[in-house]
2 protein chains.
Amino acid sequence: MGYVQHLTKTFKRSKLALMNKANNNFMEAAMLEAENAFERGEVPVGCVIVDSESGKIIARTSNRTEELDDPTAHAEMLAIRNASKNAGSARLPKCDMYVTLEPCPMCATAISFARIRRVYFGAYDPKSGGVDHGPRIFEQSSCHHKPEVYGGISETACGEMLKTFFRQKR
Amino acid sequence: MGYVQHLTKTFKRSKLALMNKANNNFMEAAMLEAENAFERGEVPVGCVIVDSESGKIIARTSNRTEELDDPTAHAEMLAIRNASKNAGSARLPKCDMYVTLEPCPMCATAISFARIRRVYFGAYDPKSGGVDHGPRIFEQSSCHHKPEVYGGISETACGEMLKTFFRQKR
């Protein structure tokens, strides 16, 4: 391998490593939010929305359905509402979402409406998920915006928190 | 036909007529909300939620996605949030929804989460609907609560308002 090729490869690797590190940090921020929900007795799901241009978190939320008596108050819905309010726009095409659980069909549809660029999610949800399970919202021909989706990020840690929560509830 | 049978039949007929009249009134209330949205430059969709026991409207809303910069602010979502807040519960099993347009997949999933008893909707939405079109949310095996659904109530009037709105936009 020539020196330039080597450098390019190394650069690509470091870029990937940096990207992965950033992704991990953002998923860790979402997991912190999930922990907050756990402590409040809510199903522990956390979410952050990141502006891909500034690399900054513009919304960090967790599930508040019990606290607010609101069946729509999933972490992703609250994050989209906060982020779009802050951005002054109902569309967030430069934003990425990190969420600890596969979004349900309600949240997946809202993600599509908000034109979110990428969705990174933690644990898969075979029972109530709407991305890789159930109605697979983004695969519907009537879905007008399909984000890039990366599932299974920090899957074990995200899933473990949910399992512990439901074990305690029983 | 015996006299008692005749009375029973007449009673059933009047009950049905009364029910239809009430339904029409509630759909008219939803249409008034849609008109409000139209005047504010929002896609004209209106919604009311009725407590089936008291027969009273407990939430009346219309689409506010533009005003609030919120892609989740569909009439149905706002109605569910208002009604569940007023009821002090995230579940509304004794409530019926009247909405001028077939709910999208986001709203249909929220309706299921809220355990709404019946959904009466106006115009069908082949492009973005989620009840009789697209992912047909209530027919998914992962849908844990399926309301009774009655589509096409005051369909022409509800659809006409939407058509006029989009014609003006073009």
Side-chain angles (χ1 to χ4, degrees), chain A residues 42-43 59 63-74 76-93 95 102-116 125-145, chain B residues 42-43 59 63-74 76-93 95 102-116 125-145:
Chain A
E42 302 270 2
V43 175
N63 183 23
R64 290 186 182 271
T65 51
E66 298 292 325
E67 177 192 341
L68 302 177
D69 290 322
D70 178 358
T72 77
H74 285 192
E76 301 95 309
M77 301 297 279
L78 300 178
I80 288 171
R81 284 168 53 197
N82 287 1
S84 53
K85 195 176 177 186
N86 291 342
S89 166
R91 296 188 174 187
L92 306 163
C95 291
E102 177 185 346
C104 77
M106 172 179 74
C107 295
T109 309
I111 286 165
S112 177
F113 288 156
R115 305 288 191 271
I116 296 275
D125 187 357
K127 203 178 151 204
S128 304
V131 175
D132 272 319
H133 297 93
R136 297 173 188 269
I137 291 295
F138 303 135
E139 292 175 24
Q140 296 284 334
S141 61
S142 55
C143 177
H144 307 307
H145 168 78
Chain B
E42 303 268 3
V43 175
N63 184 23
R64 291 185 183 272
T65 50
E66 298 292 326
E67 177 192 341
L68 302 177
D69 290 322
D70 179 357
T72 77
H74 285 191
E76 302 95 308
M77 301 297 278
L78 299 177
I80 289 171
R81 284 167 52 196
N82 286 1
S84 53
K85 195 176 177 185
N86 292 342
S89 166
R91 297 188 173 188
L92 306 163
C95 291
E102 177 185 345
C104 77
M106 172 179 74
C107 295
T109 310
I111 286 165
S112 177
F113 287 155
R115 304 289 191 272
I116 297 275
D125 187 356
K127 202 178 150 205
S128 304
V131 175
D132 272 319
H133 298 92
R136 297 173 188 270
I137 291 295
F138 303 137
E139 291 174 23
Q140 295 285 335
S141 61
S142 56
C143 177
H144 307 308
H145 167 78

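Chain identifiers are assigned alphabetically (A, B, ...) following the order of the sequence lines, protein sequences preceding nucleic acid strands; residue numbering begins at 1 within each chain. As a basis for the values below, the full set of heavy atoms in this structure was taken, side chains included, without hydrogen atoms, waters or symmetry mates.
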- Message: Working note: Thr109(B) + Thr109(A), criterion side-chain contact (heavy atoms from CB on, under 4.5 Å); need CA distance, chi angles, decisive distance, verdict.
- Response: CA-CA 10 Å; Thr109(B) 310; Thr109(A) 309; 5.7 Å; no
- Query: For the candidates Leu68(A), Thr65(A), Thr72(A), which exhibits the highest count of non-hydrogen atom pairs separated by less than 4.5 Å from chain B?
  - Reply: Thr72(A)
- Contact part of Cys107(B) toward chain A, heavy-atom cut-off under 4.5 Å: side chain, backbone, both or neither? neither
- Picking from His133(B), His144(B), Arg91(B), which has the most non-hydrogen pairs under 4.5 angstrom with chain A? His144(B)
- If you count heavy-atom pairs under 4.5 Å between each of Arg115(B), Arg81(B), Glu139(B) and chain A, which one has the most? Arg81(B)
- Query: With a 4.5 Å heavy-atom cut-off, do Ser84(A) and Pro71(B) have their side chains touching?
  - Reply: yes
- Message: Do Ser112(B) and Met106(A) make a side-chain contact, defined as non-hydrogen atoms from C-beta onward lying under 4.5 Å apart?
- Response: no
- Query: Counting distance only, does the side-chain N/O of Ser142(B) pair as donor-acceptor with the main-chain N or O of Gly134(A) below 3.5 Å?
  - Reply: no
- Return the option, out of Gly129(B), Ala114(B), Gly88(B), with the maximum number of heavy-atom pairs under 4.5 Å with chain A. Gly88(B)
- Contact part of Cys143(A) toward chain B, heavy-atom cut-off under 4.5 Å: side chain, backbone, both or neither? neither
- Message: Side chains of Asp69(A) and Lys85(B), heavy atoms from C-beta outward: is any pair under 4.5 Å?
- Response: no
- Check each atom of Ser141(A) against the heavy atoms of chain B and say whether the ones under 4.5 Å are side chain, backbone, both or neither. neither
- Note on the structure: Whatever's closer than 4.5 Å to a heavy atom in chain B on Leu92(A) counts as neither
